[in-house]
Amino acid sequence: MAIEGLVVRKAGREILRGVDLRLPAGSITGLFGPSGCGKTTLMRSIVGVQKTHGGRVVVLGARPGSRELRSDVGYVTQAAAVYKDLTLLQNVRYFARLYGASDDQVQETIRTVGLTGQARQKVSSMSGGQASRASLACALVARPKLLILDEPTVGLDPVTREELWGHFRAIAGGGTAIMVSSHVMDEAGHCDRLVLMRDGTILSRTTPAALLETTGSATYDQAFLAVIAHGEAA
Ligand SMILES: Nc1ncnc2c1ncn2[C@@H]1O[C@H](COP(=O)(O)OP(=O)(O)OP(=O)(O)O)[C@@H](O)[C@H]1O
(Lines give C-alpha, C1' and ligand atoms only; values in the text may rest on other atoms or scores of the structure.)
Protein backbone atom coordinates (compact mmCIF):
# COMPACT_ATOMS: atom_id res chain seq x y z
CA MET A 1 0.00 0.00 0.00
CA ALA A 2 1.50 3.31 -1.01
CA ILE A 3 0.20 6.86 -0.59
CA GLU A 4 1.85 9.90 -2.12
CA GLY A 5 0.87 13.50 -1.51
CA LEU A 6 -2.70 12.66 -0.48
CA VAL A 7 -4.99 15.66 -0.11
CA VAL A 8 -8.59 15.50 1.15
CA ARG A 9 -10.85 18.52 1.59
CA LYS A 10 -14.12 18.66 3.47
CA ALA A 11 -16.39 21.70 3.61
CA GLY A 12 -13.62 23.77 2.00
CA ARG A 13 -11.00 22.83 4.59
CA GLU A 14 -7.92 20.65 3.97
CA ILE A 15 -8.33 17.64 6.24
CA LEU A 16 -5.32 15.75 4.81
CA ARG A 17 -2.55 18.02 3.60
CA GLY A 18 -0.16 15.98 1.46
CA VAL A 19 0.24 12.64 3.27
CA ASP A 20 2.90 10.09 2.20
CA LEU A 21 2.76 6.58 3.65
CA ARG A 22 3.65 2.94 3.01
CA LEU A 23 2.35 -0.13 4.83
CA PRO A 24 4.63 -3.18 4.67
CA ALA A 25 3.24 -6.75 4.71
CA GLY A 26 3.38 -8.70 7.96
CA SER A 27 3.68 -5.67 10.21
CA ILE A 28 1.50 -3.54 12.45
CA THR A 29 1.53 0.20 11.82
CA GLY A 30 -0.01 2.31 14.57
CA LEU A 31 -1.69 5.55 13.51
CA PHE A 32 -1.74 7.97 16.43
CA GLY A 33 -2.84 11.54 16.85
CA PRO A 34 -5.35 13.73 18.66
CA SER A 35 -9.05 13.58 17.96
CA GLY A 36 -9.89 15.23 14.65
CA CYS A 37 -6.36 15.10 13.17
CA GLY A 38 -7.52 13.04 10.18
CA LYS A 39 -6.93 9.40 11.13
CA THR A 40 -10.35 8.15 10.02
CA THR A 41 -10.17 10.22 6.83
CA LEU A 42 -6.79 8.65 5.99
CA MET A 43 -8.11 5.14 6.64
CA ARG A 44 -11.23 5.78 4.57
CA SER A 45 -8.99 6.94 1.70
CA ILE A 46 -7.06 3.66 1.85
CA VAL A 47 -10.20 1.50 1.69
CA GLY A 48 -11.67 3.66 -1.08
CA VAL A 49 -14.72 5.17 0.61
CA GLN A 50 -13.35 8.72 0.77
CA LYS A 51 -13.36 11.26 -2.05
CA THR A 52 -9.79 12.53 -2.45
CA HIS A 53 -8.59 15.79 -4.00
CA GLY A 54 -4.93 15.23 -4.77
CA GLY A 55 -2.08 12.75 -4.63
CA ARG A 56 -2.08 9.00 -5.26
CA VAL A 57 -3.19 5.93 -3.31
CA VAL A 58 -2.26 2.48 -4.62
CA VAL A 59 -3.43 -0.61 -2.73
CA LEU A 60 -1.87 -3.94 -3.75
CA GLY A 61 -1.31 -2.51 -7.23
CA ALA A 62 -4.91 -1.34 -7.65
CA ARG A 63 -7.14 1.67 -7.07
CA PRO A 64 -8.64 1.76 -3.53
CA GLY A 65 -12.13 0.33 -3.40
CA SER A 66 -11.82 -1.45 -6.76
CA ARG A 67 -13.59 -4.76 -7.26
CA GLU A 68 -10.48 -6.91 -7.40
CA LEU A 69 -9.55 -5.77 -3.87
CA ARG A 70 -12.85 -6.78 -2.30
CA SER A 71 -11.53 -9.78 -0.40
CA ASP A 72 -7.98 -8.41 -0.03
CA VAL A 73 -8.81 -5.41 2.14
CA GLY A 74 -10.56 -5.64 5.50
CA TYR A 75 -11.91 -2.53 7.24
CA VAL A 76 -13.26 -2.49 10.78
CA THR A 77 -14.80 0.76 11.97
CA GLN A 78 -15.80 1.86 15.45
CA ALA A 79 -19.41 0.90 14.76
CA ALA A 80 -19.68 -2.90 14.88
CA ALA A 81 -20.54 -4.07 11.34
CA VAL A 82 -22.22 -7.32 12.33
CA TYR A 83 -25.81 -8.51 12.44
CA LYS A 84 -26.65 -8.36 16.13
CA ASP A 85 -29.66 -10.68 15.87
CA LEU A 86 -27.50 -13.44 14.39
CA THR A 87 -25.00 -15.67 16.16
CA LEU A 88 -21.28 -15.16 15.65
CA LEU A 89 -21.11 -18.31 13.52
CA GLN A 90 -23.98 -17.12 11.29
CA ASN A 91 -22.31 -13.72 10.90
CA VAL A 92 -18.91 -15.12 9.98
CA ARG A 93 -20.50 -17.67 7.60
CA TYR A 94 -22.43 -14.88 5.90
CA PHE A 95 -19.23 -12.90 5.22
CA ALA A 96 -17.44 -16.10 4.20
CA ARG A 97 -20.08 -16.73 1.48
CA LEU A 98 -19.76 -13.15 0.31
CA TYR A 99 -15.98 -13.52 -0.14
CA GLY A 100 -15.93 -17.17 -1.21
CA ALA A 101 -14.19 -18.37 1.97
CA SER A 102 -14.50 -22.00 3.10
CA ASP A 103 -16.13 -23.40 6.23
CA ASP A 104 -12.66 -24.31 7.52
CA GLN A 105 -11.74 -20.63 7.25
CA VAL A 106 -14.85 -19.78 9.27
CA GLN A 107 -13.79 -22.07 12.11
CA GLU A 108 -10.18 -20.93 11.99
CA THR A 109 -11.18 -17.26 12.06
CA ILE A 110 -13.39 -17.74 15.10
CA ARG A 111 -10.44 -19.48 16.79
CA THR A 112 -8.08 -16.66 15.83
CA VAL A 113 -10.22 -14.06 17.61
CA GLY A 114 -10.62 -16.34 20.63
CA LEU A 115 -14.40 -16.76 20.43
CA THR A 116 -14.79 -20.51 19.88
CA GLY A 117 -16.86 -20.75 23.07
CA GLN A 118 -19.22 -18.00 21.86
CA ALA A 119 -19.70 -19.20 18.26
CA ARG A 120 -23.38 -20.00 18.76
CA GLN A 121 -24.14 -16.93 20.85
CA LYS A 122 -26.08 -14.00 19.37
CA VAL A 123 -23.90 -10.90 18.98
CA SER A 124 -26.59 -8.86 20.79
CA SER A 125 -25.82 -10.78 24.00
CA MET A 126 -22.03 -10.40 23.77
CA SER A 127 -19.89 -8.08 25.86
CA GLY A 128 -18.34 -5.00 24.21
CA GLY A 129 -14.98 -6.71 23.78
CA GLN A 130 -16.53 -9.87 22.36
CA ALA A 131 -18.64 -7.82 19.92
CA SER A 132 -15.46 -6.02 18.75
CA ARG A 133 -13.80 -9.37 18.13
CA ALA A 134 -16.93 -10.56 16.30
CA SER A 135 -16.57 -7.57 13.94
CA LEU A 136 -12.90 -8.36 13.51
CA ALA A 137 -13.75 -11.99 12.66
CA CYS A 138 -16.11 -10.88 9.87
CA ALA A 139 -13.36 -8.72 8.34
CA LEU A 140 -10.78 -11.49 8.77
CA VAL A 141 -12.59 -14.45 7.27
CA ALA A 142 -11.59 -13.44 3.74
CA ARG A 143 -7.92 -13.52 4.87
CA PRO A 144 -7.26 -9.95 3.74
CA LYS A 145 -3.75 -8.89 2.79
CA LEU A 146 -4.44 -5.46 4.25
CA LEU A 147 -6.45 -4.87 7.41
CA ILE A 148 -7.49 -1.36 8.47
CA LEU A 149 -8.72 -1.07 12.06
CA ASP A 150 -10.17 2.25 13.20
CA GLU A 151 -9.85 2.53 16.98
CA PRO A 152 -10.64 -1.14 17.63
CA THR A 153 -9.78 -0.95 21.33
CA VAL A 154 -11.77 2.15 22.23
CA GLY A 155 -13.86 1.72 25.38
CA LEU A 156 -12.40 -1.69 26.20
CA ASP A 157 -10.82 -2.70 29.51
CA PRO A 158 -7.02 -3.16 29.67
CA VAL A 159 -7.19 -6.98 29.74
CA THR A 160 -9.43 -7.19 26.66
CA ARG A 161 -7.23 -4.60 24.91
CA GLU A 162 -4.12 -6.72 25.54
CA GLU A 163 -5.92 -9.78 24.19
CA LEU A 164 -7.01 -7.90 21.09
CA TRP A 165 -3.45 -6.73 20.41
CA GLY A 166 -2.39 -10.37 20.76
CA HIS A 167 -4.86 -11.26 18.00
CA PHE A 168 -3.55 -8.43 15.78
CA ARG A 169 -0.02 -9.74 16.25
CA ALA A 170 -1.09 -13.27 15.26
CA ILE A 171 -2.84 -11.92 12.14
CA ALA A 172 0.23 -9.88 11.12
CA GLY A 173 2.30 -13.03 11.69
CA GLY A 174 0.33 -14.59 8.82
CA GLY A 175 1.63 -11.85 6.46
CA THR A 176 -1.20 -9.30 6.65
CA ALA A 177 -0.29 -5.60 6.69
CA ILE A 178 -2.25 -4.03 9.55
CA MET A 179 -2.94 -0.39 10.28
CA VAL A 180 -4.49 0.38 13.67
CA SER A 181 -5.56 3.83 14.80
CA SER A 182 -5.81 4.86 18.41
CA HIS A 183 -5.48 7.94 20.52
CA VAL A 184 -4.28 5.94 23.50
CA MET A 185 -0.52 6.46 23.11
CA ASP A 186 0.16 3.64 25.59
CA GLU A 187 -0.80 1.20 22.86
CA ALA A 188 2.10 2.37 20.66
CA GLY A 189 4.34 -0.28 22.23
CA HIS A 190 2.36 -3.04 20.49
CA CYS A 191 3.19 -1.72 17.02
CA ASP A 192 6.15 -2.36 14.72
CA ARG A 193 5.95 1.09 13.20
CA LEU A 194 4.33 4.33 14.29
CA VAL A 195 2.82 7.15 12.31
CA LEU A 196 2.12 10.26 14.37
CA MET A 197 -0.36 12.72 12.91
CA ARG A 198 -1.51 16.20 13.70
CA ASP A 199 -3.76 18.60 11.78
CA GLY A 200 -3.84 16.53 8.61
CA THR A 201 -0.11 15.96 8.29
CA ILE A 202 2.31 13.28 9.43
CA LEU A 203 4.62 14.62 12.13
CA SER A 204 6.76 11.51 12.43
CA ARG A 205 7.26 8.00 11.05
CA THR A 206 9.17 6.00 13.61
CA THR A 207 9.28 2.84 15.74
CA PRO A 208 8.24 2.56 19.41
CA ALA A 209 11.84 2.20 20.60
CA ALA A 210 13.14 5.05 18.43
CA LEU A 211 10.31 7.34 19.53
CA LEU A 212 11.20 6.94 23.21
CA GLU A 213 14.93 7.16 22.54
CA THR A 214 14.95 10.23 20.30
CA THR A 215 12.61 12.19 22.57
CA GLY A 216 14.25 10.96 25.80
CA SER A 217 10.77 10.19 27.14
CA ALA A 218 9.67 7.57 29.63
CA THR A 219 6.15 7.20 28.25
CA TYR A 220 4.59 7.29 24.78
CA ASP A 221 2.31 10.13 25.88
CA GLN A 222 5.31 12.28 26.82
CA ALA A 223 7.09 11.28 23.63
CA PHE A 224 4.16 12.36 21.46
CA LEU A 225 3.96 15.74 23.22
CA ALA A 226 7.71 16.15 22.66
CA VAL A 227 7.27 15.44 18.94
CA ILE A 228 4.52 18.09 18.76
CA ALA A 229 6.64 20.64 20.65
CA HIS A 230 9.60 19.92 18.37
CA GLY A 231 7.36 20.36 15.29
CA GLU A 232 6.12 23.70 16.57
CA ALA A 233 9.64 24.91 17.38
CA ALA A 234 10.92 23.96 13.91
N1 LIG B 1 -18.28 15.90 6.52
C2 LIG B 1 -17.41 16.73 7.07
N3 LIG B 1 -17.46 18.07 6.88
C4 LIG B 1 -16.57 18.91 7.43
N5 LIG B 1 -15.55 18.50 8.24
C6 LIG B 1 -15.44 17.19 8.47
C7 LIG B 1 -16.37 16.23 7.92
N8 LIG B 1 -15.99 15.01 8.34
C9 LIG B 1 -14.90 15.18 9.13
N10 LIG B 1 -14.58 16.48 9.20
C11 LIG B 1 -13.45 17.07 9.96
O12 LIG B 1 -12.26 16.45 9.50
C13 LIG B 1 -11.30 16.35 10.55
C14 LIG B 1 -10.73 14.96 10.57
O15 LIG B 1 -11.72 14.02 10.95
P16 LIG B 1 -11.35 12.49 11.22
O17 LIG B 1 -12.63 11.79 11.54
O18 LIG B 1 -10.56 11.98 10.08
O19 LIG B 1 -10.43 12.61 12.52
P20 LIG B 1 -9.86 11.49 13.50
O21 LIG B 1 -8.42 11.79 13.67
O22 LIG B 1 -10.23 10.15 13.00
O23 LIG B 1 -10.66 11.82 14.83
P24 LIG B 1 -11.11 10.86 16.07
O25 LIG B 1 -9.85 10.39 16.71
O26 LIG B 1 -11.89 11.81 16.93
O27 LIG B 1 -11.96 9.77 15.47
C28 LIG B 1 -12.03 16.76 11.81
O29 LIG B 1 -11.63 18.08 12.16
C30 LIG B 1 -13.49 16.73 11.43
O31 LIG B 1 -14.24 17.70 12.15
Side-chain angles (χ1 to χ4, degrees), residues 1-23 28-59 63-65 73-82 128-129 131-133 135-136 139 144 146-158 160-161 164-165 168 177-191 193-206 208 211 219-232:
M1 201 287 314
I3 293 180
E4 283 163 22
L6 179 63
V7 174
V8 172
R9 287 188 207 99
K10 285 181 187 173
R13 198 161 71 83
E14 274 199 357
I15 305 297
L16 295 182
R17 302 185 286 146
V19 168
D20 300 320
L21 185 69
R22 273 168 197 278
L23 297 179
I28 302 179
T29 302
L31 179 61
F32 291 87
S35 180
C37 72
K39 301 183 296 295
T40 299
T41 306
L42 177 57
M43 292 183 139
R44 286 169 51 87
S45 305
I46 297 171
V47 297
V49 295
Q50 176 66 58
K51 186 172 183 329
T52 61
H53 301 88
R56 228 164 63 98
V57 184
V58 179
V59 177
R63 198 172 44 81
V73 179
Y75 179 42
V76 182
T77 64
Q78 288 158 44
V82 285
S132 295
R133 282 183 283 157
S135 252
L136 181 63
L146 175 63
L147 186 58
I148 305 291
L149 306 171
D150 194 353
E151 304 207 12
T153 60
V154 78
L156 301 179
D157 65 90
T160 308
R161 276 203 250 154
L164 215 44
W165 279 102
F168 302 158
I178 302 185
M179 178 180 242
V180 187
S181 71
S182 176
H183 42 231
V184 182
M185 279 305 295
D186 266 357
E187 296 191 323
H190 291 291
C191 303
R193 305 162 69 247
L194 301 176
V195 173
L196 308 183
M197 275 186 83
R198 194 185 191 205
D199 286 342
T201 55
I202 294 181
L203 288 179
S204 171
R205 287 175 200 76
T206 183
L211 176 65
T219 66
Y220 292 109
D221 261 333
Q222 266 179 16
F224 187 49
L225 292 173
V227 170
I228 289 177
H230 182 78
E232 279 170 356

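Whatever order the structure lists them in is the order used to number ligands and atoms, beginning at 1.
- When only non-hydrogen protein atoms are considered, atom 12 (O) of ligand 1 lies nearest to I15 CD1, 3.2 Å.
- Proximity of I46 to L146: side-chain heavy atoms (C-beta onward) are separated by under 4.5 Å at one or more points.
- Judged purely by atom type and a 3.5 angstrom limit, H190 has no side-chain atom pairing as donor or acceptor with the backbone of W165.
- Scanning all protein heavy atoms for the shortest distance to atom 25 (O) of ligand 1 gives K39 NZ, 2.7 Å.
- At least one side-chain heavy atom of K39 sits under 4.5 Å from a side-chain heavy atom of H183.
- Put simply, the side chain of Q50 reaches to within 4.5 Å of the side chain of K10, judged on heavy atoms.
- For ligand 1, the atoms closer than 4.0 angstrom to any heavy atom of A11 are 4 (C).
- Residue-ligand proximity: G33 is placed with every non-hydrogen atom at 4.0 Å or more from ligand 1.
- Here the closest non-hydrogen pair linking P64 and V57 is CD-O, 3.3 Å.
- Both the backbone and the side chain of T40 come within 4.0 Å of ligand 1, judged by heavy-atom distances.
- The atoms of ligand 1 that sit less than 4.0 Å from any heavy atom of H183 are 25 (O).
- F168 places none of its side-chain heavy atoms less than 4.5 Å from the side chain of L147.
- Here the protein heavy atom with the shortest distance to atom 18 (O) of ligand 1 is T41 OG1, 2.5 Å.
- Only the side chain of E151 comes within 4.0 Å of ligand 1, counting heavy atoms alone; its backbone N, CA, C and O stay farther away.
- The nearest protein atom to atom 26 (O) of ligand 1, hydrogens excluded, is given as S35 OG, 2.6 Å; this is a heavy-atom distance.
- Among protein heavy atoms, atom 13 (C) of ligand 1 sits closest to G36 O, 3.4 Å.
- Among Q50, R13, K10, the residue whose heavy atom sits closest to atom 30 (C) of ligand 1 is R13.
- The neighbour count for R205 CZ, taken as heavy atoms of other residues, nucleotides or ligands under 6.0 Å away, is above 12.
- With S181 contributing its side chain and E151 its backbone, the two residues share a donor-acceptor pair below 3.5 Å.
- Taking any N or O of C37, backbone or side chain, at least one lies under 3.5 Å from an N or O belonging to ligand 1.
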